[in-house]
There are 2 protein chains.
Amino acid sequence: MKRPTIADIADRAGVSRSAVSFALNDQPGVSEETRQRVLAVAAELGWRPHSAARALRGGRAGAIGLALQRPARLLGAEPFTMELISGLESELSARSCGLNLQVVEDTEAEIATYRRWWAEHRVDGVIVLNLRDADPRVGVLEDLHLPAVVIGGPAGTGSLPSIWSQDAAGMTDVVEYLAALGHRRLAHVAGDPDMRHIVDRTTALHEVCRLRGLPEPVTVRADYSDEDSAQATRRLLASPDRPTAIIYHTDLTAVTGLEVALEMGLSVPDELSLVAFNDSRLCRLVNPKLTALAHDIPGRGAQAARMLFAAIDGGPGADSQPAEPYRLLPRGSTGKYRTR
Amino acid sequence: MKRPTIADIADRAGVSRSAVSFALNDQPGVSEETRQRVLAVAAELGWRPHSAARALRGGRAGAIGLALQRPARLLGAEPFTMELISGLESELSARSCGLNLQVVEDTEAEIATYRRWWAEHRVDGVIVLNLRDADPRVGVLEDLHLPAVVIGGPAGTGSLPSIWSQDAAGMTDVVEYLAALGHRRLAHVAGDPDMRHIVDRTTALHEVCRLRGLPEPVTVRADYSDEDSAQATRRLLASPDRPTAIIYHTDLTAVTGLEVALEMGLSVPDELSLVAFNDSRLCRLVNPKLTALAHDIPGRGAQAARMLFAAIDGGPGADSQPAEPYRLLPRGSTGKYRTR
DNA sequence: GTCGGCGATGGTGGGGCGCTTCACGGCCGT
DNA sequence: ACGGCCGTGAAGCGCCCCACCATCGCCGAC
């Protein structure tokens, strides 16, 4: 089976290749009658533009890139990524734009991927995840003039448009909620403290605690692995003045934390309250169900895609904007602290 | 910043564009000295081949396609996909080949995507997931001569190479294990009964039960949604002669089932044993941990990628082959049946 | 009333995007 | 003189679009 080209259509329709091109691209220069004839022939032959030829001609690559920076063993556990992708897709498919995925080991590899994508004309723009402090990716993308939308920020994104979750506000909500339940000794299990959103949340946490006159909250670091996040919770709970509420920065670590707490014989929420950032089905699968901060991740993906298109087109609409705020969903894992 | 082209290198190195091309592609026709000079200049300019130009010239698109057929709201919950992708990537990046992702609503849309990818020269081959009975995708891909590797089978893949999990063997292991624990009334919660692997497992289940003299196992259908799989388990457990062991075809439905069972006041595993196909972190997050059939999904992804490359190159190594068999991992959710 | 000029309309030809590759042509050594 | 070895020129992949051209209707000048 041979893919039809514009020349095939031209032959069949009895016109020149230019005329076909004009007709197919809604360009002036052909009569309405010819245009219809050409379109009919094209449909009949099942013609579709050769993406490489289009791209070569100086047009778009017709795809955007998403580099996922995570160790292979953790991919999959986190629902976030797939939800984001599904949101991106909803916009991409409407513009019949492809999505190029690449799993990378670290920031250096991610940057190399951007350079390669740029040099090979593989993508028209990229979505950047997990912004860090002084993130080197920003400068590289600016230098390359590769359109990009950062999910995270708004600080530290340079000239790149970003869509930022309102992390400080989310954290504030949580603390107010926990304080209202009578909690005073708070802790949180944080991932990489370089991450912009972790920084924002941590700052807010300390700030609100100070304002409310609560003791200084405790921070424990943990990567996203099973063992590490379990260990983090275990350390917190083994402490003599253990916290009465723990905030987790991902659903995954929270669920792990819950298991550890139950294992250690603590009653949740009577003796310990748990809250997770990033609601997902995971939070509803465990018992008690986890109180979580939810936000519409597919929606954010779609918004990011729209912004990226705007940035690629160079038109308006590519300004940084906040994402919809977090919604606090109280569930069974939080309650008043009661000694038994 | 302008992307350098072969002409730029030719100018700088003082040779013709052809010579540059030969040098860069390890083609004979240039002296070793010239080759080195050209390579040096290319490296200096940071040259990379323009993927579109290569593809247009009749070469490869330099990417493979993966169409994910699932409703947006379920994407993300299943760890399977991302693990598979990470496995694919490990091979792809070694051959600096891209991965094109597309989320589609149904089989029809998936087929349309294949046709589009083919017509637009976007991918060199595709990975096909979730083979069904009389799957229409197979014929389409054969007609298009689009290289493809099916994950699933081995029956019903036509001329397409496949990599098939040994579902019947896995199911047999489970039943033997449960029978050894004294279980007699078995049930399973199955997804779409069209799916090839579900069919294979179901057939094996009935077969082994027959051989062992166990009563006919009960089948309950459930899609992958929260509510549906919960409802399925609830129905099973409400029955007067309820099963003493339930087998789930995904980790996700199993976890949901466990929650339902505990909610209904059943003790697991004393009154009910649960087994999940597809081990994942989910299975270890719940309490009791779920007995599961594990297999190396990233490994399978890598294997699929290698086979696809073989199919694309038209060389050997593109024959169907079994995946590594399932490993049964007994955990807390299975045990002898004890009435209390 | 006729005719030349002119703009609008509908269509063709061809170049070029960056890369590969085939046909050829100097220039050695034997 | 002839066969390797190096290297060049040019064509062409499919598409887009600029430069052109033919035709025709219109209008004002004669």
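All of these numbers come straight from a predicted model, not from anything done at the bench. First the proteins, then the strands, lettered A, B, ... as listed; each starts at 1.
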Can you tell me the distance, in whole Å, between the [atom1] atom of [X] and the [atom2] atom of [N]?
{"X": "A:Gln27", "N": "C:dG10", "atom1": "CD", "atom2": "P", "answer": "15 Å"}
{"X": "A:Arg3", "N": "D:dC13", "atom1": "CZ", "atom2": "C1'", "answer": "13 Å"}
{"X": "B:Arg37", "N": "D:dG7", "atom1": "CZ", "atom2": "C1'", "answer": "11 Å"}
{"X": "B:Asp8", "N": "C:dC17", "atom1": "CG", "atom2": "C1'", "answer": "13 Å"}
{"X": "A:Asp11", "N": "C:dT12", "atom1": "CG", "atom2": "C1'", "answer": "14 Å"}
{"X": "A:Ile6", "N": "C:dG14", "atom1": "CD1", "atom2": "C1'", "answer": "15 Å"}
{"X": "B:Glu120", "N": "D:dG14", "atom1": "CD", "atom2": "C1'", "answer": "13 Å"}
{"X": "A:Glu32", "N": "C:dA8", "atom1": "CD", "atom2": "P", "answer": "20 Å"}

Which part of the nucleic acid does B:Pro49 contact within heavy-atom distance under 4.0 Å: base, sugar-phosphate only, or nothing?
-> sugar-phosphate
Touch check for A:Leu56, heavy atoms < 4.0 angstrom, all strands: base, sugar-phosphate only, or nothing?
-> base
Start at the 5' end of DNA chain D and walk down; is the nucleotide closest to B:Ala53 or to B:Arg35 reached first?
-> B:Arg35
So, B:Gln102 versus B:Thr113: side-chain donor-acceptor pair below 3.5 Å or not?
-> no
For the residue pair B:Ser31 and B:Thr34, confirm or rule out a side-chain donor-acceptor distance under 3.5 Å.
-> yes
Ion pair [X]/[Y], N-O distance below 4.0 Å:
{"X": "A:Asp26", "Y": "A:Arg35", "value": "yes"}
{"X": "A:Arg12", "Y": "A:Glu44", "value": "yes"}
{"X": "B:Arg300", "Y": "B:Glu324", "value": "no"}
{"X": "A:Asp313", "Y": "A:Arg95", "value": "yes"}

Among C:dT21, D:dC16, C:dT12, which is the nearest nucleotide to the side chain of A:Ser21?
-> D:dC16
Looking only at C:dT21, D:dC15, C:dT20, the nucleotide nearest the B:Phe22 side chain is C:dT21
Whether [X] contacts [N] is assessed here as follows: a side-chain N or O lying under 4.0 Å from the phosphate OP1 or OP2. Is that the case?
{"X": "B:Asn25", "N": "C:dT20", "value": "yes"}
{"X": "A:Thr5", "N": "D:dG14", "value": "no"}
{"X": "B:Arg54", "N": "C:dG18", "value": "no"}
{"X": "B:Arg57", "N": "C:dG18", "value": "no"}
{"X": "B:Ser16", "N": "D:dG7", "value": "no"}
{"X": "A:Thr34", "N": "C:dG11", "value": "yes"}

Check whether the side chain of B:Ser31 and the base of D:dG7 form a donor-acceptor pair under 3.5 Å.
-> no
Distance-only donor-acceptor test (3.5 Å): side chain A:Ser18, base C:dG13 = yes
